[in-house]
**Student:** 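Take a look at this one; I'll ask things after.
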Amino acid sequence: MRYIEPHAHMVSRTTDDYLAMVVAGCKAVCEPAFWAGYDRSSVNGFYDYFRQLTDYEPKRAAMFGLPHFSWLCINPKEAEDLVLGREVIAMIPEFMGRENVLGIGEIGLNKNSRNELTILEEHVNLAAENNQLILVHTPHLEDKLKGTQLIVDLIKNDSRIDPGKVLIDHVEEHTVKYVMDAGMWGGLTLYPESKCTSPRAIDILESYGADRLWMNSACDWGVSVPLAVPYAAQEMRRRGYDDETVDKVFFHNPVKFLSQCENFTVRG
Amino acid sequence: MLKPKVKQNSVDLYFMDARSKLIDIAAFMDRVERDGLTDDFRYRAFKDALNQLDADKRAEAVLRALSDPTLEPIEAAITKAACGAWPEKPR
Ligand SMILES: [Zn+2]
């Protein structure tokens, strides 16, 4: 099979993971900027992180013949500090021209606070001004329902943003409809315990259609599964889906969304 | 909507897995009761969510029962973590 991993934090993963992904049929990996598991002490920490995402990590992936793309932002977990948030946002344009950059992400909310919303709005403005794709992280667990509604409403209110260029990630059964109704794309994240299992992700495809949904592993520094996407493809086959449908969900769908950014290219 | 060309029997595919998770839930509830922790707000939310198993869309209803239903942003984030149940849910 062939597939795209549209959301993986490869800076936290080993070369063994790269090898396993390539052997499983991965044709491109996309890495959103996120929390490192600890707060950076200053804007310089983000400067180095953006260099890693746009320079060093693509080279590491290239050793395995795997195209690597990235998204840039200050993540919502560090967005409570407005001064730091604005310093990071001001630095993003310097990196936006780099050839592996797909857009602004993963922005969003974590605890649904006022400052998180302010920084989200400023990121959305940056994306609108520069015609960038947007990748959104929705909050965890009990905060997801409220956060998803706040995020979708905020983005919908900005008439400069084409909803078809926005992907709302980590949707589950209680949030997917809100995202689909807004004309945006949704990401189904196959992450142990806190997000979706592959049977549930396939249930969601069966209920809402596969036109604007993709699956990702969101593998990072926590307990997570870098091969979760091809494992979900296997689950689809177990349910009786043919290769053509599996190829649409795991290859064509992400390629369709990501190709709206001219930096994204992939060989089938 | 998406449908497989060759539909498999979902009870054949998933019964053993669901059975095992159901027994795990029962054992978890026995354990919490044995340990005298039934007043924990997370456990109360858990029991409340079990009532949603009679709902029309069960997975969605369970997730909603465990969610913060409000829409007003909070003043400030004083923690980064989520715990899986809404602490302010009325008794
Ligand atoms: Zn992520």
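Not measured: the values here are computed from a predicted model. Chain identifiers are assigned alphabetically (A, B, ...) following the order of the sequence lines, protein sequences preceding nucleic acid strands; residue numbering begins at 1 within each chain.
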**Student:** Take atom NZ of A/K248 as the centre, draw a 6.0 Å sphere, and report whether it contains more than 12 heavy atoms from other residues, nucleotides or ligands.
**Tutor:** yes
**Student:** With respect to chain A, which residue among B/A61, B/G84, B/A45 yields the maximal number of heavy-atom pairs within a distance under 4.5 Å?
**Tutor:**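 Result: the option with the highest number of such pairs is B/G84.
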**Student:** Heavy-atom pairs under 4.5 Å with chain A are the metric here; pick the option from B/A81, B/S67, B/S10 that has the most.
**Tutor:**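 Winner by heavy-atom pair count: B/S67.
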**Student:** Please determine, among A/E80, A/E172, A/E78, the option with the most heavy-atom pairs under 4.5 Å with chain B.
**Tutor:** A/E80
**Student:** Specify the closest pair of heavy atoms between A/L188 and A/L205, including all atoms of both residues, with the distance to one decimal.
**Tutor:** CD1-CD2, 4.1 Å
**Student:** Among A/E173, A/E206, A/R114, who wins on heavy-atom pairs under 4.5 Å with chain B?
**Tutor:** A/R114
**Student:** Counting only heavy atoms closer than 4.5 Å, note whether B/A77 contacts chain A via side chain, backbone, both or neither.
**Tutor:** both
**Student:** Go through the atoms of B/L13 and report whether side chain, backbone, both or neither lie under 4.5 Å from a heavy atom of chain A.
**Tutor:** both
**Student:** Answer yes or no: does atom NZ of B/K3 have more than 12 heavy-atom neighbours from other residues, nucleotides or ligands under 6.0 Å?
**Tutor:**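 Counting other residues, nucleotides and ligands, NZ of B/K3 stays at 12 neighbours or fewer.
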**Student:** Step through the shown structure and confirm whether more than 12 heavy atoms of other residues, nucleotides or ligands are within 6.0 Å of NZ on B/K80.
**Tutor:**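 Yes, enclosed.
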**Student:** Among A/G147, A/A210, A/P199, single out the residue with the greatest number of heavy-atom pairs under 4.5 Å to chain B.
**Tutor:** A/P199
**Student:** What part of A/T245 gets closer than 4.5 Å to chain B, counting heavy atoms only: side chain, backbone, both or neither?
**Tutor:**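 Only the side chain of A/T245 comes within 4.5 Å of chain B.
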**Student:** Within 45 degrees of the ring normal and closer than 6.0 Å to the centroid, is that where the cationic atom of A/R237 sits relative to A/Y231?
**Tutor:** no
**Student:** Kindly confirm or rule out a cation-pi arrangement of A/R40 over A/Y49, judged by NZ or CZ under 6.0 Å from the six-membered ring centre and within 45° of its axis?
**Tutor:**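 Yes, cation above the ring, under 6.0 Å and within 45°.
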